[in-house]
Each structure stands twice: as structure tokens, then as C-alpha cells.
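This is the structure I want to talk about, given as C-alpha cells.
Labels below follow one simple rule: chain letters A, B, ... track the order of the sequence lines, proteins then strands, and each chain is numbered from 1. Below, each value reflects all heavy atoms present in this structure, side chains not excepted, and no hydrogens, waters or symmetry copies.
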2 protein chains.
Amino acid sequence: MARPTLKDVADRVGVSAKTVSNVVNGTGWVTAELRERVQVALVEVGYRPNAAARQLRSGRSGMIALAVPELSQPYFAELAASLVREAQGRMITVLVNQTDGLADVERKISEGIGATAVDGIILSPLALSASDLEGRRDGTPLVLLGEHIGTSTFPHVTVDNTAAAKAATQHLLSIGCRRIAAIGAQDHGPNETALLRLAGYRAALEEAGIPVDESLILPVDGFHRADGARAARTILSSGLRPDGIFAFNDLLALGAMHALAAAGVGVPDDVAVIGFDDIEEGQYSTPTLSSVSPNTGELVATAIDLLLAQPPEPGMHTVGFTITHRASTKGPAQ
Amino acid sequence: MARPTLKDVADRVGVSAKTVSNVVNGTGWVTAELRERVQVALVEVGYRPNAAARQLRSGRSGMIALAVPELSQPYFAELAASLVREAQGRMITVLVNQTDGLADVERKISEGIGATAVDGIILSPLALSASDLEGRRDGTPLVLLGEHIGTSTFPHVTVDNTAAAKAATQHLLSIGCRRIAAIGAQDHGPNETALLRLAGYRAALEEAGIPVDESLILPVDGFHRADGARAARTILSSGLRPDGIFAFNDLLALGAMHALAAAGVGVPDDVAVIGFDDIEEGQYSTPTLSSVSPNTGELVATAIDLLLAQPPEPGMHTVGFTITHRASTKGPAQ
DNA sequence: CGTGTGTCGTTCAACGTTGAACGAGAGGAC
DNA sequence: GTCCTCTCGTTCAACGTTGAACGACACACG
């Protein structure tokens with residue numbers, strides 16, 4: 001009844017447990033005839049290797065952990081889906097955690113996932129800053145998603161947020177927008193992504209010779225649809241009259257579009273909207289949403305490569321992006 | 001440099017490894033004074049228990065696996081988010097897998113997650129039927145999400161799909177709809193969820209004395225937005241002229257609404273739409289989407305309870321649902 | 001005939017932890 | 001003084017696996 005072990009198989013064939021181990025792992029020397037017999041016995045008893053014993057002996061678990069703020073956010077869900085798929089292809093299983101963007105949860109995770117040992121940790125931090133990781137003692141490889149200002153001893157993978165934000169803003173400029181609002185600035189909290197995207201927005205305007213109107217930069221509490229809707233309502237009620245909106249992620253953009261539609265403001269006719277992340281939902285919204293499309297496949301593959309890289313390669317690794325052009329930015333110019 | 005073990009801590013304090021183990025786990029007898037000294041040493045060396053050794057010894061891993069068709073589908077992402085949160089509260093970590101709805105992947109997962117031992121498996125099957133699980137040898141507890149026709153030796157947790165579908169259809173009837181289309185039937189493949197929801201749809205119509213028009217039942221290949229859009233275009237091009245649509249999940253509904261909007265058909269004025277799952281996206285679509293809201297929190301809590309229940313309690317366990325009423329079903333009657 | 005070289009399989013020990021069994025000493029009861 | 005109980009801590013073995021080291025046997029070469 002108990003789960004069969006190597007020894008059970010070995011006794012049945014009349015060899016040593018180690019020989020069965022060799023057959024299972026393809027190590028050592030085993031004659032074809034014997035290997036055949038062992039393999040038959042393996043399926044007969046339904047042998048399955050004991051992961052715990054294997055890990056205890058080898059030090060490797062075949063698992064990596066992913067920690068994101070919230071899995072229910074489509075961008076993180078799609079990221080997780082992509083990572084799990086990539087990992088499955090490499091015979092690695094993924095353990096998922098949620099941090100809710102809380103700094104102490106993020107720090108705790110960076111120091112190990114509960115009691116479970118993993119071969120590496122991929123962390124998408126919201127609140128954690130570089131200094132929080134200085135005191136880290138756990139030796140588990142760690143890869144961070146997203147940029148961080150300041151040097152860090154850990155590898156980072158990210159799209160070039162500033163360049164991408166700049167390109168998104170330039171796309172709005174290219175269709176004739178001149179009063180472009182930015183939704184997603186964050187006054188408090190060290191959300192560096194927001195800072196970097198804001199920098200890209202500013203850079204695009206400056207390069208185009210358009211003065212930055214600070215009142216067009218709208219702060220948000222979070223990056224959810226409700227925050228975008230709230231920001232759009234602020235825009236409407238304060239008479240700012242922008243002709244374009246760059247939202248720092250797609251959820252903000254979708255929330256904003258929802259509020260605009262409710263107020264009878266037409267997108268893209270009255271105001272063009274572009275988001276960031278290119279989540280699937282944006283292909284089916286009304287109107288469909290233009291967005292910055294980070295190369296997620298490259299992102300997750302790079303993250304795993306870096307996690308398993310020996311020796312570790314600290315530093316920033318950027319992946320590509322494209323601007324996906326949909327109905328929400330079909331301006332008068334087209 | 002190597003990770004400290006119980007023995008390292010023990011040597012430092014001058015006691016046996018077992019005593020340190022007792023302090024860590026609160027077992028056995030240790031004087032307050034000695035416990036204090038051990039605890040100081042524990043933090044000094046930064047001891048972290050070795051999960052593999054613990055699991056090898058105790059047989060428990062503190063991990064459960066969740067397998068869903070696709071994590072990128074909002075319903076499953078929200079389900080996973082809810083499950084991870086519930087599990088974290090119980091000091092359990094969750095390992096996530098994707099099956100792509102393929103029967104052989106689902107079967108493989110039901111027989112163990114790769115090489116990794118877990119304390120239990122929660123599987124949301126698409127293609128797998130009860131008979132596929134007969135030959136299961138692995139003793140890991142298994143809980144299935146979703147209903148299955150026919151008896152099964154495993155616990156199931158689900159909303160009552162037929163009752164919920166009936167309620168959704170009745171909601172459309174209550175606002176005056178009389179020609180109600182159903183999007184989501186599946187001709188081939190054993191998607192029992194689709195069958196059950198279709199049965200609820202039929203039951204509601206029959207009870208209202210409305211003959212079922214088979215041409216209003218639209219089959220789909222999958223449950224994505226694109227399938228819903230395709231079905232809506234079929235409706236438009238074939239001149240079926242329904243006044244209500246019950247889509248078997250929210251993605252189908254959102255895809256359908258998108259196609260309707262593109263064709264200039266007004267929702268809810270020309271046709272009312274209701275979905276199933278109540279994903280967050282439906283609160284921000286244009287118009288907002290009415291839907292069946294399964295009690296996901298109860299669902300995941302029940303699933304974990306059943307997974308850990310000793311002895312196992314096979315059979316069907318249903319959780320509640322409500323009909324959430326939004327703009328897409330604000331009919332002329334309101 | 002000794003000395004390599006290659007093939008095939010074995011035994012041994014160890015990974016870090018914890019249940020079981022076993023003292024050792026103190027205190028009380030008879 | 002003997003027996004019992006209670007407290008506090010120890011030693012031992014085992015969970016299932018695999019790297020390292022070690023035969024044993026066959027064949028070829030000088």
C-alpha cells in the first residue's frame with residue numbers, strides 16, 4: 001500500500017537499489033537487457049521518485065517561486081501563465097505567492113518562501129526598495145522583475161519603462177494630440193515603475209517642444225480600474241480637457257475609458273487613450289485599447305535563465321516592447 | 001557559508017540537535033532558561049528548517065497543487081488568487097499548473113505533479129471524465145472543481161451550474177426577453193459544465209412556457225472572448241434577432257458584446273446580455289455586465305477543507321451563487 | 001605474463017530532521 | 001531504603017535517494 005521505493009523495485013528484479021536509480025536517471029552503466037527488466041518492474045509497481053529524498057540528497061527541488069502583488073490583476077495573471085508555461089517546458093514547477101504589494105511580505109518572501117525550499121525566487125516588487133534587500137541572508141537565487149533605481153546586487157529583468165512610456169506618448173503625439181494627460185503618478189510610496197514611466201512621458205513632451213502641464217499629471221492610489229475611473233472623473237470635473245491620455249497600465253486605461261463613456265466623452269474622437277501592458281482584455285474593450293506590449297515571453301525566459309545562471313549575473317536586463325495600435329488611438333489624423 | 005542546520009545551532013549552545021528541534025517545534029520538555037538560549041542562537045545563525053528533510057521524515061510537504069486550464073483566463077486567475085490567499089492564511093503554499101484543457105495533461109496531473117510530492121491536488125478539469133480517474137494509483141488526495149455527471153470516488157466542489165444557469169435565464173425573462181440565445185454549447189468534447197448550463201437554460205424556458213428554438217443555441221470551440229465574438233457575428237449574420245443572450249461565461253459575453261457594439265447593436269436596448277463567473281472585468285466593460293456570481297471564497301475554502309479532510313468525503317459539495325444585476329440587462333421593463 | 005582500459009554493478013555513507021526509546025536526577029510516598 | 005513519578009534531555013535509527021569509491025570480469029597490448 002505504501003508508495004513503492006527504489007528498494008522495492010530492486011528486490012523485485014534482484015539488483016541493488018542504486019542500479020534502479022541508475023536506470024531511472026540514465027546514469028552509470030547498465031546493460032540493455034537489465035535496463036529493460038528494471039523498466040518493466042518500474043511500471044509494474046508504479047514507482048514514482050520521492051521528491052523530498054531527492055531534494056535532500058541533491059539540494060535541488062525543481063521548484064521556483066513567483067511572487068506578484070495580486071494574481072487577479074490580468075497583467076500578473078498573464079505573466080504567471082507565461083512563466084508557468086515556460087517553466088513546465090523546462091521540467092520546473094512554479095509556486096505562486098501574493099504579496100499585496102506590502103513591503104514586509106515582499107521582504108519575507110525574498111528571504112524564503114515559508115518553510116519551503118525552492119531553487120530560486122522571482123519577485124515582482126511594488127513596495128520594496130534596494131536597501132531592503134541588503135540584509136538578505138538566504139542564499140536562494142533571486143531575480144527581480146521591474147527596474148530599480150540605484151544599484152542592486154541582484155539581477156533585474158524589465159522592459160525599458162522610460163523608453164516605452166516615451167514611445168507611447170510619442171504615439172499620441174503622432175496622431176495629433178497636444179494636451180496629453182498622464183494617469184498613474186504616485187506621490188507617496190516607492191513605486192519606481194510609476195516614476196520611470198512618468199519620466200518617459202516628460203521626455204517625449206520635452207522633445208516635441210511641448211511644455212509639461214503639471215495639472216495634467218494625475219496621481220493614483222493603485223493601478224486598478226477603479227483608480228483609472230477616479231482619475232478620469234477628476235479630469236472631467238476639473239475641466240482640463242485633454243485630447244489624449246497615457247495611462248501607466250491597461251487597467252487604469254480601461255477604468256478611465258469606462259468613466260469617459262459614462263460621461264458621454266468619445267474615445268478616440270474626443271480623447272485618445274493608450275495604456276501599458278497589452279493585456280488581452282484590451283483587445284475586446286469598447287473601443288479596443290492601444291497599448292505598450294512588453295515581450296512577456298522574453299521576459300519570463302530571461303528571468304528563468306538568470307535565476308539558474310551560475311555564477312549569477314547581477315545587473316539590469318531589458319527586454320523588447322512594441323506599441324500596439326488599436327481603436328482607442330485612431331485619431332483624426334488617421 | 002552553507003545553510004545552518006539544527007546541529008550547528010546545537011553545537012553553539014552545547015546541547016543535542018534534538019533539543020533544538022524541540023524548541024523549534026514546541027515539542028518535548030525544555031526548561032525556559034535553555035529554550036531562551038536556544039532561541040537566541042537560532043536567530044544568531046539565522047536557522048531555517050530544511051523543508052526536504054522535514055518532509056522526508058514526516059511525509060507532509062505543506063504544499064498543495066492547483067491545476068487549471070489557463071491562468072490567463074480571468075476567472076481562473078481570480079480563482080487562483082483566492083485560493084493562494086486562503087492557503088497562505090493556513091500556512092500552505094500553492095503550486096500552480098496549467099493543463100490547457102488537455103485530457104492527458106489533466107490525467108498526468110491527477111497522478112502527481114511532476115516529480116514533486118504535494119499534500120493534495122485541486123484540479124479544475126475541462127476534458128477529463130470520471131472514468132479517466134478510475135485507474136488512478138497515486139494516493140495523493142484529490143479534489144475536483146466543477147460538476148461531473150456520473151458517480152465519482154473523489155470529492156467535487158462546484159456551484160450548482162444548472163440552477164445558476166436557470167436563474168440567469170430567468171433574470172433575462174424577468175426583464176421582458178422572450179427570444180433568448182445561449183452562447184457556449186459544445187458539441188464535441190466532454191465539457192460537462194456546458195451541458196449543465198444548457199440544461200438550466202432549457203429548464204427556465206420550459207418553465208416559462210417558451211418553446212426552445214434550437215437555432216438560438218450557439219456552439220463554441222472554447223470559452224474565450226474570440227469565441228463569443230464569433231458566435232455573436234453568427235447571430236447577426238443569420239438574422240436570428242434575439243432580444244437576450246445568456247453566455248455561459250463572462251469572456252463569451254464580453255466577446256459577444258464587443259462584436260455587437262462593432263455592428264451597431266445596442267446593449268441592453270436591442271439585446272440584453274448576461275454572463276457567468278462575475279469576473280472583475282465585467283464591472284468596467286461598456287456596458288457593465290450582469291452575471292452569475294459564484295461564491296468563490298466559499299468554493300476555495302471548501303476545496304481546501306475537503307483536501308485535508310481525513311477520512312476523505314467523496315461526493316458533490318455545492319456552494320452558493322447570486323445574480324449580479326448590471327447595465328447589460330437594464331431592459332425596457334426597468 | 002603483468003599492466004592498462006573499459007564495462008557493469010555493488011556497497012557505503014550522508015543529506016537534515018524527528019519519533020521512539022532510553023537515562024538521570026529530583027522529589028515524594030510508603 | 002526502595003519504589004514510583006515527573007521533569008528534562010540524550011542517543012539511536014530511519015525516511016528514500018544518490019555521489020564516491022570500490023570490485024570483478026573481459027579484453028587487448030607490449
- Task: Could you pick out which residue, G14(B) or A53(B), lies toward the 5' side of DNA chain D when each is mapped onto its nearest nucleotide?
- Result: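 Nearer the 5' end of the strand: G14(B).
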
- Over its full length, what angle do the end axes of the helix from dC1(C)-dG30(D) to dC30(C)-dG1(D) make, each axis taken from five pairs and the result rounded to 10 degrees?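 Both end axes considered, the difference amounts to 70°.
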
- Query: R57(B) has a side chain; which of dG9(D), dA14(D), dT18(D) sits nearest to it?
  - Reply: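 The closest nucleotide is dA14(D).
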
- Query: Considering only side-chain heavy atoms of L6(B), which listed nucleotide, dT18(C), dT10(D), dT10(C), is closest?
  - Reply: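 Nearest to the side-chain atoms of L6(B), counting from C-beta on, is dT18(C).
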
- Message: Output the rounded distance in Å from NZ (K18(A)) to P (dT7(C)).
- Response: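 In whole Å, dT7(C) P and K18(A) NZ are 18 Å from each other.
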
- What about K7(B): does its side chain form a donor-acceptor pair under 3.5 Å with the base of dG16(C)?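 No pair found.
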
- Take atom CZ in R60(B); do more than 12 heavy atoms of anything else shown fall under 6.0 Å from it?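 Open: at most 12 neighbouring heavy atoms sit under 6.0 Å from CZ of R60(B).
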
- Query: For the side chain of T5(A), counting heavy atoms from C-beta on, which of dT18(C), dG16(C), dT17(D) is nearest?
  - Reply: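 Per side-chain heavy atoms of T5(A), the pick is dT17(D).
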
- Query: Should D11(A) and K7(A) count as an ion pair when the cut-off is N to O under 4.0 Å?
  - Reply: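 Here D11(A) pairs with K7(A) in a salt bridge, since their nearest N and O are under 4.0 Å apart.
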
- Check every strand shown and say whether S58(A) touches a base, only sugar-phosphate, or nothing at a heavy-atom separation below 4.0 Å.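 The residue S58(A) makes no contact with any strand.
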
- Interatomic distance, D8(B) CG vs dC15(C) P [rounded to whole Å]: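 The distance from CG of D8(B) to P of dC15(C) comes to 11 Å, rounded to the nearest Å.
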
- Return the residues of residues 24-31 of chain A meeting this criterion: a heavy atom under 4.0 Å from some atom of DNA chain C. Order them by number, or give none.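 Hits under 4.0 Å, by residue number: W29(A), V30(A), T31(A).
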
- Proximity to the side chain of Y47(B) - top-ranked nucleotide from dG16(D), dT17(C), dT11(D):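 The nucleotide sitting nearest to the side chain is dT17(C).
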
- Query: Is any side-chain nitrogen or oxygen of S16(B) closer than 4.0 Å to OP1 or OP2 of dT10(D)?
  - Reply: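 It does, given that an N or O in the side chain of S16(B) lies less than 4.0 Å from OP1 or OP2 of dT10(D).
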
- Task: Tell me which nucleotide among dG16(C), dT10(C), dT10(D) gets nearest to the side chain of T19(A).
- Result: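 Selected nucleotide: dT10(C).
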
- Query: Within this structure, what is the CG-to-P distance between N50(B) and dC15(D), rounded to whole angstrom?
  - Reply: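 N50(B) atom CG is separated from dC15(D) atom P by 18 Å.
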
- Query: Side chain of S21(A): nearest nucleotide among dG16(D), dG19(C), dT18(D)?
  - Reply: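 From the listed options, dT18(D) comes nearest.
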
- Tell me which nucleotide among dG9(D), dT17(C), dA20(C) gets nearest to the side chain of L34(B).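 Closest nucleotide to the L34(B) side chain: dG9(D).
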
